[in-house]
Amino acid sequence: MSARERFDTIVVGGGQAGLTMGYHLTRLGHRFVILEANPRVGDSWRNRWDSLRLFTPGWYDSLQGLRFRGARTTAPTKDQFADYLESYRSTLRLPVRTGVRVERISRIGHRMVVEAAGRTLEATHVVVATGACNDPWTPGFAGELSPHITQMHSKDYRNPSQLSPGPVLLVGAGNSGADICMETIRTHRTYLAGRHPGHIPFRIDGLVTRHLVHLVRFAGHHVLNWGTPVGRKVLPKLGGGHPLVRVKPKDILAAGVERVPRVAGVRDGKPELEDGRVLDVANVIWCTGFRPDYSWIDLPVLDAGGSPVHERGVVKGQPGIYFLGLDRQYSATSEVITGVGRDARYLAQQIGARSTVRPAREPRPAGV
């Protein structure tokens with residue numbers, strides 16, 4: 001049996017959160033490794049629909065330690081940002097191992113144990129930077145749709161060439177559904193089902209509104225956080241979906257997309273709306289979001305709903321394990337590019353402080 005590898009810190013996830021954590025661990029002087037399940041750094045962005053662009057212009061899309069060198073005043077494509085993440089890894093010489101999926105995290109005494117790709121690694125600290133949106137969710141009745149209907153989750157959608165001839169139903173009217181329906185309507189009759197989540201009342205790609213984007217970012221970062229009275233009042237109310245950012249309701253109607261009520265079930269193999277109407281469609285794209293999946297963490301760190309129990313990413317009852325990149329982890333920007341750096345820096349400070357405290361010696365097994 002090969003010897004176990006040992007590190008000060010193991011970071012699970014090599015997206016923007018994990019890479020930024022690596023930047024701060026480098027400054028801390030820690031021996032660490034970042035484990036990324038995808039074959040390449042940035043694949044979590046590359047493997048999304050082809051036309052996806054970020055919501056923010058390039059000057060807001062830099063991680064700490066390396067400036068984004070693409071267009072500064074326009075929103076990058078998902079591939080441009082993916083390439084930036086790969087450049088970030090190579091320029092900062094971060095120790096990332098790609099194609100390594102973590103299968104289990106557990107504890108032996110004061111050491112955290114990570115099992116991945118047939119190997120066992122140990123560390124004093126483990127930072128889970130996979131985010132909370134890792135398990136695509138569809139309703140249980142999705143399996144009742146006729147096999148003649150092409151269906152997929154937005155995670156697997158790339159472009160309209162994947163679709164069968166005939167109408168398309170997008171289930172879920174958030175940003176994914178709104179973005180994709182503006183593309184499918186060009187080649188297919190398109191329905192968009194679901195509750196309108198609200199929208200930002202200005203155009204984010206216009207010259208004038210770039211200043212408004214700055215104000216929104218400032219408010220989300222510095223005002224709407226758990227350290228301010230207004231943040232503690234507002235943040236709990238922000239769950240349950242995000243408002244439309246780039247596409248507006250009038251854009252959807254002008255394009256010819258038909259808005260329909262929520263999908264309630266399936267009748268005769270076809271999607272049935274909550275008003276009783278049955279849609280005769282050839283395609284269904286589930287833009288129904290993701291659910292957290294931390295079933296591979298064999299530690300008591302989750303609540304009844306499967307979400308991490310933490311304070312700013314620190315799990316108080318289980319020293320040595322941390323979370324990064326969660327929605328509203330500390331502020332309204334914690335889940336996005338512009339906010340993850342502050343949370344990573346805070347976790348690095350906590351890791352550094354804990355590293356200076358020598359743990360009590362573990363009892364030796366009897367007979368040793």
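Only heavy atoms go into these numbers, but all of them, side chains included; no hydrogens, no water, no symmetry mates. We count residues from 1, following the sequence as given.
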| request: Not counting sequence neighbours, which residues clear side-chain hydrogen bond (donor to acceptor under 3.5 Å, both in side chains) with N159? List them please. | output: D50, S161
| note | Separation between OG1 (T98) and CG (D43), nearest 0.5 Å, reads 8.5 Å
| field | Set of residues satisfying salt bridge (charged side-chain N to carboxylate O under 4.0 Å, His left out) with respect to E183, sequence neighbours excluded | value | none
| said: With heavy-atom distances below 4.5 Å as the criterion, would you say the side chains of F55 and V336 are in contact? | reply: no
| Tell me the ring-ring contact (aromatic ring centres under 6.0 Å, His included) pairs involving residues 70-102, sequence neighbours left out? | W45-F81, F68-Y84, F81-Y84
| Any T9 side-chain heavy atom under 4.5 Å of L28 side chain | no
| request: Over 60° means perpendicular and under 30° means parallel, so classify the ring planes of H125 and Y322, tilted if in between. | output: tilted
| task | Go through the steps for K155 and N47 under the test side-chain contact (heavy atoms from CB on, under 4.5 Å), then give the verdict. | result | CA-CA 8 Å; K155 178 180 182 292; N47 297 334; over 6 Å; no
| said: I want to check something: taking the side chain as every heavy atom from C-beta on, are N283 and H188 in contact at a cut-off of under 4.5 Å? | reply: yes
| Who pairs with R259 by salt bridge (charged side-chain N to carboxylate O under 4.0 Å, His left out), at least two apart in sequence or on another chain? | none
| Is there side-chain contact between V168 and L163, with heavy atoms separated by less than 4.5 Å? | yes
| task | Quick one: list whatever passes salt bridge (charged side-chain N to carboxylate O under 4.0 Å, His left out) with D156, sequence neighbours left out. | result | none
| request: Determine, step by step, whether H310 and Q329 satisfy the side-chain hydrogen bond (donor to acceptor under 3.5 Å, both in side chains) criterion, reporting the C-alpha distance in whole Å, the side-chain angles of both residues, the deciding distance to 0.1 Å, and the verdict. | output: CA-CA 9 Å; H310 67 95; Q329 178 164 321; 5.4 Å; no
| message | I need the full list of salt bridge (Lys or Arg N to Asp or Glu O under 4.0 Å) pairs touching residues 89-103, with sequence neighbours left out, sorted by first then second residue. | response | E5-R97
| Do V314 and L347 come close enough that some side-chain heavy atom pair is under 4.5 Å? | yes
| said: List the residues meeting side-chain hydrogen bond (donor to acceptor under 3.5 Å, both in side chains) with R27, not counting sequence neighbours, and say none if there are none. | reply: Y23
| Qualifying residues under side-chain hydrogen bond (donor to acceptor under 3.5 Å, both in side chains), relative to S331, sequence neighbours excluded | T333, R342
| For D79, what residues pass the salt bridge (charged side-chain N to carboxylate O under 4.0 Å, His left out) criterion, not counting sequence neighbours? | none
| query | Is the shortest heavy-atom distance from the side chain of I252 to the side chain of C181 under 4.5 Å? | reply | yes
| field | Hydrophobic cluster of L169, others only, ordered by chain and residue number, side-chain cut-off 4.5 Å | value | F141, L145, I149, V171, Y191, V260, V263, V266, L273, L279, V281, V284, W286
| message | Taking side-chain hydrogen bond (donor to acceptor under 3.5 Å, both in side chains) as the criterion, tell me which of R69, R46, K78 meets it with D83. | response | R46
| message | As a test of understanding, state which of R277, R262, R267 forms a salt bridge (Lys or Arg N to Asp or Glu O under 4.0 Å) with E272. | response | R267
| Summary of salt bridge (Lys or Arg N to Asp or Glu O under 4.0 Å) pairs that have at least one residue in residues 298-317, sequence neighbours excluded | R104-D298
| Among pairs that include at least one residue of residues 122-131, which meet salt bridge (Lys or Arg N to Asp or Glu O under 4.0 Å), considering only residues two or more places apart or in two chains? | R4-E122, R6-E122, R111-E122
| Among R345, Q349, Q64, which one satisfies side-chain hydrogen bond (donor to acceptor under 3.5 Å, both in side chains) with H24? | Q64
| query | Heavy-atom distance under 4.5 Å between the side chains of L94 and V41, does that happen here? | reply | no
| Does some side-chain heavy atom of W49 sit less than 4.5 Å from a side-chain heavy atom of S176? | yes
